[in-house]
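Data first, discussion second: the structure below is written as structure tokens.
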Amino acid sequence: MTEQIRIIDAKDHVNEEVRIGAWLTDKRSSGKIAFLQLRDGSAFFQGVVLKNKVDEAVFQVAKDMKQETSMWLTGEIHEDSRSHFGYEIEVHDIEIIGNSEDYPITPKEHGIEFLLDHRHLWLRSKRQFAIQQIRNEMIRATYEFFNNEGFIKMDPPILTGSAPEGTTELFETEYFDKPAFLSQSGQLYAEAGAMAYGKVFTFGPVFRAEKSKTRRHLTEFWMIEPEMAFMHQAQSLEIQERYIAFLVQGVIDNCAYQLQLLDRDIETLKKYTKLPFPRIRYDEAIEMLQKAGFDVQWGDDFGSPEETYLSDQFEQPVFVLNYPKAIKPFYMLPEEGRDDTYVCADLLAPEGYGEIIGGSEREVDYDKLKAAIEAKGLDLDEYGWYLDLRKYGTVPHAGFGLGLERAITWICHLDHLREAIPFPRMINRLKP
Ligand code: 4AD
Ligand code: MG
């Protein structure tokens with residue numbers, strides 16, 4: 001019996017006869033030889049069909065089949081130093097499984113809206129394959145990192161009554177006879193988890209009714225939110241930088257082929273594994289921007305040009321510390337000796353990618369937190385349980401949120417978040 005393999009395992013089967021399920025991505029043929037460009041879900045590879053070595057009918061099938069036809073192939077694995085991948089298959093037999101006519105995504109260039117309309121098929125193409133595999137590696141490395149550090153994964157609810165990140169970007173839905181919101185962040189629940197289990201992280205989809213059309217915003221994205229009891233912000237920053245370096249290292253170690261498909265330079269990525277990352281205060285950031293001619297005042301939030309300028313001043317990701325209270329959420333701990341700033345930080349990615357992490361130390365005092373909730377005009381009824389965490393054995397704690405698609409977009413060097421998630425949701429896109 002010929003062994004069924006995936007092409008990714010070709011190195012263990014050189015010069016052996018194997019069977020592979022594959023799709024055709026492109027082909028070229030002459031009178032005597034057909035080159036099939038193939039993919040089997042694990043990699044992209046070439047099949048060579050030699051007319052004088054196969055049945056007449058097999059050669060004809062190879063010449064006739066269309067893009068995205070699916071098939072069983074039998075043939076021998078050979079090393080091929082000229083290809084990206086390093087191996088090819090000399091095809092002996094082809095058994096068509098499913099025909100494909102007029103596949104809409106041809107090797108020519110297509111517009112972005114057309115590609116997004118065909119996202120269910122676009123996912124098959126080389127770049128998209130590489131991105132989704134890198135996404136998978138980053139998820140795998142996330143679990144490994146936090147498990148190694150003694151965190152437990154905790155799943156917060158998606159349907160909630162709270163609005164941790166502000167009330168303007170909420171998706172409201174009906175929950176029987178009451179309104180409910182789709183979760184913007186699992187953080188408040190992660191804080192309850194930290195008080196129960198010490199160190200927890202959440203990982204799940206979050207929703208923001210972002211009305212802006214930018215390359216950095218999705219309405220549904222995936223966030224990793226660690227939360228640590230008995231920890232202050234300085235320790236949280238150390239975990240953040242080690243986590244980011246671990247993610248980048250994981251991609252370098254396990255996704256060399258995918259990085260090559262994306263033309264992403266590994267030497268650039270290596271710089272992001274060097275620790276520590278630089279830290280500047282928001283106050284200094286404002287001065288740097290003003291000196292560079294930006295029209296910003298203390299108290300302003302940064303837009304993408306400001307974040308890009310700041311990150312361009314550093315080789316590594318940079319932490320911007322202690323933002324003004326007015327532009328951050330209610331749950332943060334005020335900075336000692338200042339009445340206008342919080343103990344918080346955003347991590348800005350290099351190469352113009354902007355904020356990938358937002359985090360802070362949390363307010364631990366019951367009365368101050370209650371006052372902060374009231375000051376934001378939030379409904380105390382919804383936050384009674386959250387205030388309980390400060391009533392029964394409150395402790396210093398800190399946490400942060402990494403936007404997975406932001407991190408993927410940066411590590412893969414993409415120009416828009418829409419390619420970092422299998423089925424992007426944006427203001428004008430709910431399909432497919
Ligand atoms: O800065 P944000 O809003 O922080 C929080 O949600 C906190 N509760 C996190 C915490 O302390 N546990 O969001 C965190 C990260 C951002 O840094 C960014 O990477 C990403 O989430 N993000 C988005 N990603 C895609 N589309 C959007 N609309 C995003 N908004 C935020
Ligand atoms: Mg933020």
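In each ligand, atom 1 is the first atom listed, and ligand 1 is the first ligand listed.
With hydrogens left out, the protein atom closest to atom 24 (N) of ligand 1 is F221 CD1, 3.4 Å, a heavy atom. Annotation: atom 4 (O) of ligand 1 to nearest protein heavy atom, E165 OE1, 3.8 Å. In terms of protein heavy-atom proximity, atom 9 (C) of ligand 1 is nearest to E225 OE2, 3.3 Å. Protein heavy atom closest to atom 17 (O) of ligand 1, with residue, atom name and distance, is E355 OE2, 2.6 Å.
Annotation for ligand 1: atoms under 4.0 Å from non-hydrogen atoms of R362 are 10 (C), 11 (O), 12 (N). Close approach of ligand 1 to I357 is summarised as follows: ligand atoms under 4.0 Å from at least one heavy atom of the residue are 17 (O). Per-residue contacts place Y331 under 4.0 angstrom from the following atoms of ligand 1 (heavy atoms of the residue considered): 7 (C), 8 (N). Close contacts between ligand 1 and M223 involve ligand atoms 6 (O), 13 (O), 14 (C), 15 (C), 21 (O) [criterion: under 4.0 Å to a heavy atom]. Listed by number with element, the atoms of ligand 1 under 4.0 angstrom from any heavy atom of G359 are 11 (O). Ligand 1 places these atoms under 4.0 Å from at least one heavy atom of R216: 25 (C), 26 (N).
For the side chain to side chain contact (heavy atoms under 4.5 Å, CB included) with L417, the qualifying choice from I408, L404, T409, T214 is T409, the only one to do so.
Atom 2 (P) of ligand 1 has its nearest heavy-atom neighbour, among Q187, Q184, R208, in R208. Nearest-heavy-atom check against atom 25 (C) of ligand 1 across L404, L417, L402, V206 picks out L417.
Contact annotation: for F400 versus ligand 1, heavy atoms closer than 4.0 Å belong to the backbone alone.
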Start with the C-alpha gap between F201 and Y143, add the side-chain angles, then the distance that decides, and say whether ring pair (Phe, Tyr, Trp, His ring centres under 6.0 Å) holds.
-> CA-CA 9 Å; F201 73 104; Y143 280 80; 5.6 Å; yes
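Residues Q233 and E361 have side chains that never bring a donor and an acceptor to within less than 3.5 angstrom of each other. For the 3.5 Å distance criterion, the side chains of Q187 and E191 qualify, holding a donor opposite an acceptor. At a cut-off of 3.5 Å, with distance as the only test, a side-chain donor of R362 or S360 sits close to an acceptor on the other residue.
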